[in-house]
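Quick note: residue numbers are just sequence positions, from 1.
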Amino acid sequence: MQDEPNPEELIKAVADFLRNDIAPQISGHQAFKLRVSINALDLVARQLKLEHGSDAAEVARLSQILGTQGSLGELNKLLADRIAKCELDLQTPGLAHHLWQTTMEKLAVDQPNYASYKSELNK
């Protein structure tokens, strides 16, 4: 494991180089594919930055709702199973908030410029 630069900084540097130095020099389909690649790098950088905190928060919410501990994958499977069996629904304390918060955390990584996401952040 290296100290500096960290993976987020490396990914950002590559994305910035492609965006600022390479993108202005190409056009057409190659430019489109480059924009897709830059967007993918930006998404990975956001995920690296945000996933630890959002995953920990999601596990904490799920543990409280479900009354048990486990990995994020195990808790999400248990949540889905209990919803499918009608043991949990939107009236379950904390569930609607959890679903909304999880959606917002995923949008922060996937679509941080989405107008509706930005609007919700300002509420």
Side-chain angles (χ1 to χ4, degrees):
M1 186 175 277
Q2 302 297 317
D3 293 326
E4 295 291 330
N6 65 43
E8 294 166 47
E9 293 168 334
L10 290 170
I11 292 169
K12 183 181 181 323
V14 171
D16 287 346
F17 167 73
L18 293 173
R19 184 179 1 264
N20 299 325
D21 295 354
I22 304 300
Q25 298 179 32
I26 62 174
S27 62
H29 190 64
Q30 295 301 318
F32 169 77
K33 291 192 309 187
L34 179 62
R35 284 193 309 273
V36 170
S37 299
I38 292 168
N39 287 340
L41 289 170
D42 290 340
L43 187 145
V44 170
R46 288 189 301 272
Q47 185 167 353
L48 287 171
K49 180 179 180 179
L50 300 173
E51 75 180 329
H52 180 72
S54 63
D55 285 357
E58 186 176 356
V59 166
R61 290 190 307 268
L62 285 167
S63 294
Q64 184 174 7
I65 292 166
L66 299 169
T68 190
Q69 301 293 313
S71 70
L72 182 56
E74 292 166 340
L75 293 171
N76 271 313
K77 182 178 181 338
L78 181 58
L79 177 68
D81 290 344
R82 289 190 182 173
I83 290 172
K85 293 177 184 174
C86 297
E87 295 172 6
L88 299 175
D89 61 24
L90 290 177
Q91 304 309 311
T92 301
L95 182 57
H97 170 75
H98 165 71
L99 295 173
W100 187 251
Q101 190 61 40
T102 301
T103 299
M104 293 297 287
E105 290 167 355
K106 290 181 182 298
L107 284 171
V109 171
D110 189 51
Q111 294 292 327
N113 294 317
Y114 184 53
S116 294
Y117 168 75
K118 285 182 169 184
S119 174
E120 281 300 313
L121 286 179
N122 294 326
K123 286 186 178 180

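In this structure, Leu72 is not a member of the same hydrophobic cluster as Val109, with clusters built from ILVMFWY side-chain heavy atoms closer than 4.5 Å. Placement of Leu10 and Leu48 in two distinct hydrophobic clusters is found when ILVMFWY residues are connected by side-chain heavy-atom separations under 4.5 Å, directly or transitively. Leu41 and Ile22 end up in the same hydrophobic cluster when Ile, Leu, Val, Met, Phe, Trp and Tyr side chains are linked at under 4.5 Å. There is a path of hydrophobic side-chain contacts, each under 4.5 Å, that joins Leu90 to Leu79. In terms of hydrophobic clustering, with Ile, Leu, Val, Met, Phe, Trp and Tyr side chains grouped at heavy-atom distances under 4.5 Å, Phe32 and Ile38 are assigned to different clusters.
Considering every non-hydrogen atom in both Glu105 and Ala57, the closest pair reads OE2-CB, 4.1 Å. In plain terms, the two heavy atoms of Ala108 and Tyr117 that are nearest each other are CB-OH, 3.2 Å. Minimum interatomic distance between Glu9 and Pro5 (heavy atoms only, all atoms of both residues): OE1-CA, 3.2 Å.
Between the Ser63 side chain and the Val59 main chain, a donor and an acceptor come within less than 3.5 Å of each other. Side-chain atoms of Ser54 come within 3.5 Å of backbone atoms of Leu50 as a donor-acceptor pair (strictly under, hydrogens ignored). Under a 3.5 Å cut-off, the side chain of Asp110 and the backbone N or O of Lys106 do not form any donor-acceptor pair.
Distance check: Ser27 OG to Leu34 CG gives 11.5 Å after rounding to the nearest 0.5 Å. One distance of note links CD1 of Ile65 with CG of Leu99; it measures 7.0 Å at 0.5 Å rounding. Atoms NZ and CD1, on Lys49 and Ile11 in that order, are 13.0 Å from each other to the nearest 0.5 Å. Atom CD of Gln47 sits about 11.0 Å away from atom CD of Glu8, to the nearest 0.5 Å. For the atom pair CD (Glu74) and CG (Leu66), the distance works out to 11.5 Å, reported to the nearest 0.5 Å. Summarising the geometry, atom CD belonging to Gln30 is positioned 13.5 Å from atom CD belonging to Gln25; distances are rounded to the nearest 0.5 Å.
Between Gln64 and His98 there is no side-chain heavy-atom pair separated by less than 4.5 Å. A 4.5 Å side-chain heavy-atom check between Val36 and Lys33 finds every atom pair outside the cut-off. Annotation: side chain of Leu75 is not in contact with side chain of Glu58 (no heavy-atom distance under 4.5 Å).
Ion pairing between Lys85 and Asp81 fails under the 4.0 Å rule for side-chain N and carboxylate O.
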side-chain contact (heavy atoms from CB on, under 4.5 Å) between Asp89 and Leu95: does it pass, once the steps are laid out?
CA-CA 7 Å; Asp89 61 24; Leu95 182 57; 5.6 Å; no
Could you walk me through whether Lys123 and Glu120 pass salt bridge (Lys or Arg N to Asp or Glu O under 4.0 Å), step by step?
CA-CA 5 Å; Lys123 286 186 178 180; Glu120 281 300 313; 2.8 Å; yes
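With 3.5 Å as the limit, one finds no donor-acceptor pair spanning the side chains of Thr92 and Arg82.
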